[in-house]
Amino acid sequence: MTSDELADHTKKRAEGRQRFIVAVAGPPGAGKSTLAEQLLGSLQKKSVQARVIPMDGFHLDNSILSKRGLLDRKGSPATFDAAGLLNLIRRMASTEGDVVYPTFDREKDITIAGAESVSAKDKILIIEGNYLLLKDTPWNELQQFWDETIFINPGVEVLEKRLVVRWLDYGLDDENARNKALINDIPNAHYVLENSVPADIQIK
C-alpha cells in the first residue's frame, strides 16, 4: 500500500468524524516516523488537515533515568511517561481545542516541553511510537482512542542494520553504535514484536 493509497483509505474512514486518530507502531528502526510523515504529506495534498505527534516527547529526562538506574535502558517502556502520554491522547481525542505537547530533540537527547500544539481543526492525528499497541498496563489503555492502527515490521535483520547506522549517524564509533543497537534497541524491538496486539494494517 502506497502512502497515497493509505491516505485515501484513512480519509474515507475519517469521513463524518470530528477527529480521527491513527496509531503507527512498531519496533525501533522500523520506519514509523518515515511512514507517518509520508501519510501526512499525502493527506495534506488531499486538503486534509492533519498532524504527526511522536511518542518520543514522553522520554523521561536522563536525570530521572539515572536515579532509577535506567539510563542504559533508555528507550525501553519503563523509560517513558506512559501516563502522561495517555492523558495527552485523551485530551486530543476530546477535540477540546488547542492541545500542546512535548517533543524530543534526539541530537541533544532532551525532551522539550510544550514545543508543539494540535489545533481543533486538525482532523486526523497520526501518533507514532514503539509502544502504542502494547498489551501491558498502562499502555493498553491507549487502544480505546485508536481509530486505525498500523504496525510496521521489516524483520530483525533489517532493524539491526538500520539501528547501527542510526547511532553511527549520531557520531558514535562502530563499537558503541553496535552496542547501543544490539544491547538496548534490539531487545526493545523483540519486546514490541512479542507483546503488541494485532494492528488493522500490517506492513512488512
Side-chain angles (χ1 to χ4, degrees), residues 1-44 46 48 50-59 75-90 92-93 101 104 118 122-163 166 185-204:
M1 184 181 291
T2 67
S3 59
D4 283 341
E5 290 171 337
L6 184 57
D8 286 334
H9 168 80
T10 303
K11 181 181 178 182
K12 184 176 181 179
R13 289 209 60 204
E15 287 177 1
R17 303 282 294 274
Q18 189 174 1
R19 166 95 7 111
F20 191 85
I21 303 182
V22 180
V24 179
K32 300 177 297 295
S33 54
T34 299
L35 176 66
E37 290 296 336
Q38 288 174 344
L39 175 57
L40 174 66
S42 293
L43 287 168
Q44 290 175 335
K46 300 175 189 301
V48 178
R51 180 171 290 272
V52 172
I53 299 97
M55 189 193 85
D56 280 356
F58 288 87
H59 273 288
S76 64
T79 65
F80 285 88
D81 177 14
L85 175 64
L86 177 61
N87 288 333
L88 176 76
I89 301 302
R90 181 178 289 112
M92 289 181 173
Y101 61 91
F104 185 68
V118 164
D122 290 319
K123 182 180 179 65
I124 295 177
L125 303 184
I126 306 162
I127 318 297
E128 64 96 353
N130 298 340
Y131 306 123
L132 303 181
L133 297 181
L134 278 192
K135 302 172 184 176
D136 305 345
T137 302
W139 299 95
N140 58 359
E141 296 181 45
L142 290 166
Q143 293 167 29
Q144 63 188 298
F145 300 111
W146 307 144
D147 298 303
E148 182 88 88
T149 57
I150 302 170
F151 192 85
I152 311 175
N153 176 18
V156 175
E157 289 186 8
V158 173
L159 293 174
E160 287 182 2
K161 293 176 182 177
R162 288 182 183 175
L163 290 165
R166 171 187 288 180
D185 292 337
I186 290 301
N188 291 338
H190 281 292
Y191 194 83
V192 171
L193 294 172
E194 295 164 10
N195 294 281
S196 294
V197 300
D200 300 318
I201 299 172
Q202 299 273 351
I203 298 176
K204 299 293 185 179

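Note that CD of Gln144 is 10.5 Å distant from CD1 of Ile21, once rounded to the nearest 0.5 Å. Here Asn130 contributes atom CG and Tyr191 contributes atom OH; the two are 12.5 Å apart, rounded to the nearest 0.5 Å. The CG atom of Asp136 lies 9.0 Å from the OG atom of Ser196; values are rounded to the nearest 0.5 Å. With rounding to the nearest 0.5 Å, the separation of CD in Glu141 from CD in Gln143 is 10.0 Å. For the atom pair Glu128 CD and Thr34 OG1, the distance stands at 9.0 Å (nearest 0.5 Å). Separating the CD1 atom in Ile201 from the CG atom in Leu35 is a distance of 9.0 Å, to the nearest 0.5 Å.
Using a 4.5 Å heavy-atom threshold, the side chains of Leu132 and Leu85 count as touching. Annotation: side chain of Ile150 is in contact with side chain of Leu6 (closest heavy-atom distance under 4.5 Å). Side-chain contact check for His9 versus Lys12: every heavy-atom pair is 4.5 Å or farther apart. Here the side chains of Leu125 and Arg51 are in contact, with some heavy-atom distance below 4.5 Å. Proximity of Asn153 to Lys204: side-chain heavy atoms (C-beta onward) are separated by under 4.5 Å at one or more points. The closest side-chain heavy-atom distance from Leu159 to Pro28 is not below 4.5 Å.
Closest approach of Leu133 and Ala25 over heavy atoms only: CG-CB, 3.9 Å. Heavy atoms only, all atoms of each residue included: Leu43 and Ala7 are closest at CD2-O, 3.7 Å. Closest heavy-atom contact between Gln44 and Ala50: NE2-O, 4.2 Å.
Other residues, nucleotides and ligands place no more than 12 heavy atoms under 6.0 Å from the CD atom of Glu157. Heavy-atom neighbours of Lys46 NZ from other residues, nucleotides or ligands within 6.0 Å: above the threshold of 12.
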Let's go through His190 and Val156 carefully: what are the C-alpha distance in whole Å and the side-chain angles of both, what is the deciding distance for side-chain contact (heavy atoms from CB on, under 4.5 Å) to 0.1 Å, and is it a yes or a no?
CA-CA 8 Å; His190 281 292; Val156 175; 3.9 Å; yes

Could you walk me through whether Lys135 and Asn140 pass the side-chain contact (heavy atoms from CB on, under 4.5 Å) check?
-> CA-CA 5 Å; Lys135 302 172 184 176; Asn140 58 359; 5.5 Å; no

Check the pair Ile127, Leu142 against side-chain contact (heavy atoms from CB on, under 4.5 Å), reporting the backbone distance first and the verdict last.
-> CA-CA 11 Å; Ile127 318 297; Leu142 290 166; over 6 Å; no

Check step by step if side-chain contact (heavy atoms from CB on, under 4.5 Å) holds for Leu39 and Ile124. CA-CA 10 Å; Leu39 175 57; Ile124 295 177; over 6 Å; no

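When atom types are taken as modelled, the side chain of Arg13 and the backbone of Asp147 share a donor-acceptor pair closer than 3.5 angstrom. Although no hydrogens or angles enter the test, the distance criterion places no donor-acceptor pair under 3.5 Å between the side chain of Lys32 and the main chain of Ile152. The backbone N or O of Ala14 lies less than 3.5 Å from a partner atom in the side chain of Lys123, making a donor-acceptor pair.
Under the side chain to side chain donor-acceptor pair (under 3.5 Å) test applied with Ser42, the options Asp4, Asp8, Thr10 reduce to a single match, Asp4.
Each ring pair (Phe, Tyr, Trp, His ring centres under 6.0 Å) pair with one or both residues in residues 125-162, not counting sequence neighbours, appears once here: Phe80-Tyr131, Tyr131-Trp139.
Between the side chains of Thr149 and Asp200, at least one donor N or O sits under 3.5 Å from an acceptor N or O.
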